[in-house]
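Comments concern the structure below.
Computed from a prediction, not measured in an experiment: that's the story for all the values here. Every chain is numbered from 1, with letters handed out A, B, ... down the list of sequences.
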Protein chains: 2
Amino acid sequence: MVELDETDLHILQLLTENARRPYNDIAEQVGVSPPTVSDRVERLEELGVIGRFTLDLDRSQISEGVGVLVDLHLRPGTVHDVIDQLAPLESVDHVYATADAHVVARATVDECEIHRILTDTLDLSQVVEYDVRLLIDSVWEPKVRSANADDQTTHDDTAAIPAGGASIEIDGQ
Amino acid sequence: MVELDETDLHILQLLTENARRPYNDIAEQVGVSPPTVSDRVERLEELGVIGRFTLDLDRSQISEGVGVLVDLHLRPGTVHDVIDQLAPLESVDHVYATADAHVVARATVDECEIHRILTDTLDLSQVVEYDVRLLIDSVWEPKVRSANADDQTTHDDTAAIPAGGASIEIDGQ
DNA sequence: GCTGAAACCATTATAAG
DNA sequence: CTTATAATGGTTTCAGC
């Protein structure tokens, strides 16, 4: 976090848009030499800022199943176990854990598979409640906030986010 | 979906692991020539199977804010509007829409920003209820299911997934 | 979908700021 | 310590088959 300058962010932004973009192309855009780009990228990989170079795939075109969002409300202290159980599954690609002991997983499953995962793979004694939602759309817009594009308007109305999650009911108009 | 053979899937799998892997390297692994890999990748891009070549970034290292998962329960018919409002925001990178009119967004926000998004950016008359959860962990394991690795055990206990989502309460032991 | 050739690109070593 | 330059070795693409 501390060790990234604007050049790093610019490189990340360009690679985010197209991870196969040639380094000499990037060098020209950013205003440094190609070896510098190479060095910076290597460093960003070592720092773990870049997890991997990968693809944004349309999963509906490569697998038979339907996309689902599974929301698990877990017993306290079991979150990391459940992540370790879910993440390696072939049908699961994204797993989020939140401070209120929920785990949300995005998966592509056959009709019978979701049931098998919930009953066989997971230790259900750790699950307080769960919810399976059929995905109808999903958008991924990876963005790199450039250092100076920080549009932080000073604002004293800072809304604190309680770790347990804020839940607010609004009248149906 | 119909037009992908095992070679395509193998190429996708290798590129998913490392999107910068050289095409002649891939060609060797897959058993075709480099130009064939190039042609296939181009076709997969045109088909929309490959959305883009991109990076898996550790967002906590490149931005000041905290990661949150925002769950919006919307009024019917407003889902696509809300996606269009959320997706372009700099702080939002992932948006999921489910059949039961929920939109789940993953964002990295400053303390004041989440409030601003909810009140200024969104048309709150479209939101029935919302929920902001603090992210503590997130895993992305992009997987390409190879054509023959389809481990579908025949199973007649097919659990249908209602479009409205299944919600089941389990006793707290 | 393959082959071969030409254009292009990444990386290394080296030198300079 | 960081960046630029130049050369090498590797990669991608384009014709032609």
Side-chain angles (χ1 to χ4, degrees), chain A residues 1-58 61-63 142-150, chain B residues 1-58 61-64 142 144-150:
Chain A
M1 180 62 239
V2 284
E3 47 260 300
L4 300 189
D5 63 14
E6 213 160 331
T7 301
D8 288 319
L9 291 171
H10 200 174
I11 291 170
L12 287 175
Q13 191 221 316
L14 294 171
L15 283 175
T16 297
E17 288 165 7
N18 176 12
R20 267 189 103 83
R21 182 183 286 232
Y23 285 0
N24 59 9
D25 205 289
I26 294 171
E28 199 180 344
Q29 293 274 326
V30 175
V32 294
S33 70
T36 303
V37 176
S38 182
D39 290 350
R40 299 260 187 159
V41 170
E42 204 172 331
R43 180 171 144 267
L44 290 167
E45 286 187 83
E46 278 160 11
L47 284 172
V49 176
I50 296 177
R52 83 207 304 171
F53 292 75
T54 190
L55 301 180
D56 178 15
L57 291 176
D58 180 358
Q61 289 193 60
I62 59 171
S63 50
K143 286 160 200 126
V144 175
R145 188 191 313 232
S146 122
N148 49 6
D150 240 26
Chain B
M1 179 64 237
V2 284
E3 48 259 301
L4 300 189
D5 62 15
E6 213 160 330
T7 301
D8 289 318
L9 290 171
H10 200 174
I11 291 170
L12 287 175
Q13 190 220 317
L14 293 172
L15 283 175
T16 297
E17 287 164 9
N18 176 12
R20 273 190 96 84
R21 184 182 286 235
Y23 287 177
N24 62 3
D25 205 291
I26 294 170
E28 200 179 342
Q29 293 273 329
V30 175
V32 295
S33 71
T36 303
V37 176
S38 181
D39 290 351
R40 297 260 188 160
V41 170
E42 204 172 332
R43 181 171 144 267
L44 290 166
E45 286 187 82
E46 278 160 11
L47 284 172
V49 175
I50 296 176
R52 83 207 303 171
F53 292 74
T54 189
L55 300 180
D56 177 16
L57 290 176
D58 179 357
Q61 289 192 61
I62 58 171
S63 50
E64 293 282 353
V144 175
R145 188 190 312 233
S146 125
N148 48 5
D150 240 24

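Straight-line distance from the CG atom of A:D39 to the C1' atom of C:dA10: 12 Å, rounded to whole Å. Atom pair A:D5:CG and D:dT3:C1' shows a separation of 13 Å (rounding to whole Å applied). What separates CD of A:E45 from P of C:dA10 is a distance of 14 Å, to the nearest Å. For A:R40 and C:dT11, the CZ to P distance is 16 Å, given to the nearest whole Å. Regarding A:L15, its CG atom lies at a distance of 10 Å from the P atom of C:dA10, rounded to whole Å.
The two residues A:V144 and B:L57 come nearest to each other via the heavy atoms CG2-CD1, 3.7 Å. Closest approach of A:P22 and B:R20 over heavy atoms only: CA-NH2, 4.3 Å. In terms of heavy-atom proximity, B:L4 sits nearest to A:Q61 at CD1-O, 3.7 Å.
For the atom pair CG of B:L44 and CD1 of B:I50, the computed distance is 4.5 Å after rounding to the nearest 0.5 Å.
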Check the interface with nucleotides 11-14 of chain D: list each N/O to N/O pair with the protein under 3.5 Å, or write none.
{"from": "D:dT11", "atom 1": "OP2", "to": "B:N24", "atom 2": "ND2", "distance (Å)": "2.7"}
{"from": "D:dT11", "atom 1": "O5'", "to": "B:N24", "atom 2": "ND2", "distance (Å)": "3.3"}
{"from": "D:dT12", "atom 1": "OP1", "to": "A:R20", "atom 2": "NH2", "distance (Å)": "2.6"}
{"from": "D:dT12", "atom 1": "OP1", "to": "B:Y23", "atom 2": "N", "distance (Å)": "3.2"}
{"from": "D:dT12", "atom 1": "OP2", "to": "B:Y23", "atom 2": "N", "distance (Å)": "2.5"}
{"from": "D:dT12", "atom 1": "OP2", "to": "B:N24", "atom 2": "N", "distance (Å)": "3.1"}
{"from": "D:dT13", "atom 1": "OP2", "to": "B:S38", "atom 2": "OG", "distance (Å)": "2.7"}

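Between A:T36 and D:dA4, a side-chain N or O to OP1/OP2 separation shorter than 4.0 Å is present.
In summary, B:D8 and B:R40 engage in a salt bridge, as defined by a charged side-chain N under 4.0 Å from a carboxylate O.
Within 6.0 Å of CD in A:E45 there are more than 12 heavy atoms belonging to other residues, nucleotides or ligands.
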